[in-house]
Amino acid sequence: MPATRSGKSRVAANAPIAGGVESVTEKILREAHSLYVHPGHGLVTIGARLGLSLLPPRRKVTVMVMGNHSAGKSSFINWYVEEHIQRTGVAIETQGFTFITSGRKRESLTGNATLHLYPHFQALQNFKGVPEYLCTEICTSKQKQFPLVTFLDTPGLVDGDMKYPFDVEAALIWFGQLCDLILVFFDPMGQALCKRTLNIVEKLNEEHGDKLHFYLSKADEAGAEGDRQRVLMQIVQELCKRPGLNKCGFDMPTIYIPNPNKPSRCVNQIEEICRTIEKTISQTVQHTLNALERDCRLICEATQQLLQEDSEARSGNIRAVVRGTLLGLVGCLLPVFLLLTLLFGTSFARQLWTLVLGEEQSEALQVYVSPVATIWSLVPEDQTLTVFFGLLCLSALLLLLASYILRMKPTLSKKQKRQLEDRRDYVLDVVLGKKRQLYEEYLQQSIGEQDLS
C-alpha cells in the first residue's frame, strides 16, 4: 500500500469493504435515497401531492476525470478500482464518456441503458452525438470508497485539427455542472498546456471552482526534480494567466501510478486524490441529511398552509352562506310583496274581492292585508309602474348577487384532512426520526475514524 508523505499508511481510504458488508456511509446514502423514492410514502410522492417538486439524493458521488490526451485518466481509475476496466495507452483510447460504477456483477451498458441508469443525465439526449458515445462499465470492486463513487472518464483533449463526433467542450461543461468533483490531470510530456483543456477549465471555474482540483499526472516520467519543478511552474503560470484561475495559494500535487517494479524517488501524492474523494463523500452525506431535513420541513409547512387555507375556506363559506341566504331571502320576498300588492293593494283588486267574496268577507280580508295596502298607498299613482318594475329588477339583482356570493370555495373532506395529517405526522415522526438516527451513526463513524487516525 502506498504511503503518504508522513509515512503513515491510510486505512480509511484504501481499506477494502468486505463482500456483502455495507459501510455506514453506504447505508446512510441508501436509506436517505429510499426515504425519497418509496412508492407508497416516499417524500417525492408526498411532496408531489402538495405541489412540491423534490429531487431524491443520489446514492453515490460522481467524480469527473478530465485532462489532455494521455494524461493518465483511465490509468488512475483502474488503480483506484484495482481492476483493469478502462483501456490505457499512448493512443486516444477514450473517445467518448464512460461511467465506471460498482455493482453486483461485471457488465457493460450502452448509451440508452446508461441514460436509464442515470435519469438525471437524460438531458444528454439534446447533445448531438453524445448518446452514441456514452457507456457504463459496472464492476464488482469494493476497493477504497469505490462503492460510493461513480467515475466519469472523459475524452482526452488535444489541440489542432482533432475532430470530435460531438461538441466536447459543451458536453464537459454540462457534465461539470452535475458532477460532485472534477479532477483535472495535466500530462508533463508536452500536452499539459493544451488550450482546449485550459478553456474548458476556465469556464468550469466560473461557477464550479470549488469542485475543481488540479494534478500533475505521470510525475515520475517528468525527469529529475528540477525538470518537474519547471513543468509545474509552466503549468501554474499558464493557468494563472487566465483571470478566473489566478488564485492565491494555487495547489497542484504531483501524482503517478505506483509500480513496485519501477521505483521512483519522486514524491507521489496520489493519496491526496483519495482524501479529496473521501472529503467529497463526507460533504455529500452531510448535504443529503441537511436536504432531507429541509425537505421534511417544506412538506410540513406546505401541509400546515394547506390545512390553514382549508380552515379559512370553511369560515369563508359559512359567512358566504349567511350573506347569500339573507340576500336571497330579500330577493324572494320582494316578488311576494309585489304579488300581494297586485292581489290586494290596488283599488281594482279591492273591488274585485268585494264582488267575489261579498262586502263583509272583503272587509275581513282587508284587515289582514292592510299593511301591504298601506305601504303601497305611499307610492304616487303616477309612479306605480316605475316602482313596480324597479322593485322587480331589484329582486332579480339581489337573487343574482346571492347566487354569486353562495359560490363555495373547495374544501377538503374529512378523509383528505386525515390523510394530510397522517402524512405530516409520518414525516415529522418517522422520517425526521430516521434522519436523526442516520446522523448519529454518521457522527459515531466520524469519531471512530478520528480515533483510529
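Considering only heavy atoms from C-beta on, L50 comes within 4.5 Å of I299 through its side chain. Contact check for E137 versus L109: no side-chain heavy atoms found under the 4.5 Å cut-off. Side-chain contact between C274 and Y80: present, with at least one pair of heavy atoms (C-beta onward) separated by less than 4.5 Å. Side-chain contact between S75 and K218: absent, with no pair of heavy atoms (C-beta onward) separated by less than 4.5 Å. In this structure, the side chains of V63 and C179 stay at 4.5 Å or more apart for every pair of heavy atoms. Residues L43 and L292 form a side-chain contact, since some pair of their non-hydrogen atoms from C-beta on lies under 4.5 Å apart. The side-chain heavy atoms of E440 and Y442, taken from C-beta on, include no pair separated by under 4.5 Å. A heavy-atom distance below 4.5 Å is not found between the side chains of E272 and I255.
Each of L148, V285, L181, D180 was checked for a side-chain contact (heavy atoms from CB on, under 4.5 Å) with V61, and the lone residue meeting it is D180.
Closest non-hydrogen pair, A402 versus G324, comes out as CB-O, 3.4 Å. Summarising the geometry of P410 relative to A313, their closest heavy-atom pair is O-CB, 4.1 Å, with the distance given to 0.1 Å. When all heavy atoms of L400 and S403 are compared, the pair lying nearest together is O-OG, 2.6 Å. When all heavy atoms of L216 and F186 are compared, the pair lying nearest together is CD1-O, 3.4 Å. Nearest heavy atoms, R58 versus L178: NH2-O, 2.9 Å. Residues A171 and F97 come closest through the heavy atom pair CB-CZ, 3.7 Å.
Under the 3.5 Å distance criterion, with hydrogens and angles disregarded, a donor-acceptor pair is assigned to the side chains of Q305 and E309. A donor-acceptor contact closer than 3.5 angstrom links the side chains of T101 and K60. A donor-acceptor pair shorter than 3.5 Å cannot be found between the side chains of S141 and E83. For the residue pair Q86/N78, the side-chain donor-acceptor check at 3.5 Å is not satisfied.
From E26, atom CD reaches atom OG of S102 across 7.0 Å, with rounding to the nearest 0.5 Å. The CG atom of N268 sits 11.5 Å away from atom CG of N259, with the distance rounded to the nearest 0.5 Å. To the nearest 0.5 Å, atom CH2 of residue W79 and atom CD1 of residue I273 are 7.5 Å apart. Here the straight-line distance linking atom CG of L327 with atom CG of L406 works out to 8.5 Å at 0.5 Å rounding. Note that CZ of R424 is 10.0 Å distant from CG of D429, once rounded to the nearest 0.5 Å. Between the CZ atom in R30 and the OG1 atom in T25 there is a gap of 12.5 Å [rounded to 0.5 Å].
When atom types are taken as modelled, the side chain of R196 and the backbone of L157 share no donor-acceptor pair closer than 3.5 angstrom. In this structure a side-chain-to-backbone donor-acceptor pair under 3.5 Å is missing from K435 to A32. Without hydrogens or angle criteria, D310 side chain to T411 main chain gives no donor-acceptor distance under 3.5 Å. With Q269 contributing its side chain and T254 its backbone, the two residues share a donor-acceptor pair below 3.5 Å. Here the side chain of T150 pairs no donor or acceptor atom with the backbone of T62 at under 3.5 angstrom. Using modelled atom types, one side-chain atom of T288 and one backbone atom of T284 make a donor-acceptor pair closer than 3.5 Å. The main-chain N or O of H41 is never found under 3.5 Å from a side-chain atom of T45 such that the two would form a donor-acceptor pair. Listed for the S395 side chain is a donor-acceptor partner under 3.5 Å among the backbone atoms of G331. Distance alone, capped at 3.5 Å, is enough to place a donor-acceptor pair between the N290 side chain and the Q286 backbone. Not a single donor-acceptor pair under 3.5 Å links the side chain of N68 to the backbone N or O of A71.
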Practice task
Please lay out, stage by stage, how I77 and I85 fare under the test side-chain contact (heavy atoms from CB on, under 4.5 Å).
Solution key: CA-CA 8 Å; I77 294 173; I85 302 298; 5.6 Å; no

Practice task
For side-chain contact (heavy atoms from CB on, under 4.5 Å), just list the numbers for V184 and H213, CA-CA rounded to whole Å, side-chain angles, deciding distance to a tenth of an Å, and then say yes or no.
Solution key: CA-CA 6 Å; V184 184; H213 293 266; over 6 Å; no

Handout entry: Test log, rule side-chain contact (heavy atoms from CB on, under 4.5 Å), inputs D422 and Y426
Key = CA-CA 6 Å; D422 290 344; Y426 167 77; over 6 Å; no

Exercise for the section: Kindly indicate, with the supporting measurements, whether the criterion side chain to side chain donor-acceptor pair (under 3.5 Å) is fulfilled by Q419 and R49. Expected result: CA-CA 11 Å; Q419 288 176 343; R49 291 170 178 166; over 6 Å; no

Practice task
Go through F127 and F121 one step at a time and tell me if the ring-ring contact (aromatic ring centres under 6.0 Å, His included) criterion holds.
Solution key: CA-CA 11 Å; F127 288 85; F121 288 129; over 10 Å; no

Handout entry: Audit row: K144, E278, salt bridge (Lys or Arg N to Asp or Glu O under 4.0 Å) steps and yes/no
Key = CA-CA 9 Å; K144 306 178 181 67; E278 286 180 0; over 6 Å; no

Practice task
Start with the C-alpha distance between D153 and S74, add both sets of side-chain angles, then the distance that settles side-chain contact (heavy atoms from CB on, under 4.5 Å), and finish with yes or no.
Solution key: CA-CA 7 Å; D153 198 3; S74 300; 2.5 Å; yes

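Residue K434 places its NZ atom among more than 12 non-hydrogen atoms of other residues, nucleotides or ligands, all under 6.0 Å distant. Surrounding CG of N112 are at most 12 heavy atoms belonging to other residues, nucleotides or ligands under 6.0 Å away. Heavy atoms of other residues, nucleotides or ligands lying less than 6.0 angstrom from NZ of K211 number more than 12. Within a 6.0 Å radius of NE2 in H116, no more than 12 heavy atoms belonging to other residues, nucleotides or ligands are found.
Using the six-membered ring where Trp is involved, F99 and F175 have ring planes that are perpendicular, over 60° apart on the 30 and 60° scheme. Between F76 and F151, the ring-plane angle classifies as perpendicular under the 30° and 60° cut-offs.
Contact check on E312 versus K409 returns no salt bridge, with no Lys/Arg side-chain nitrogen under 4.0 Å from an Asp/Glu carboxylate oxygen. Salt bridge E293/R436: absent, no basic N to carboxylate O contact under 4.0 Å.
With a 6.0 Å cutoff to the six-membered ring centre and a 45° limit on the axis angle, K142 does not count as a cation-pi contact of F146.
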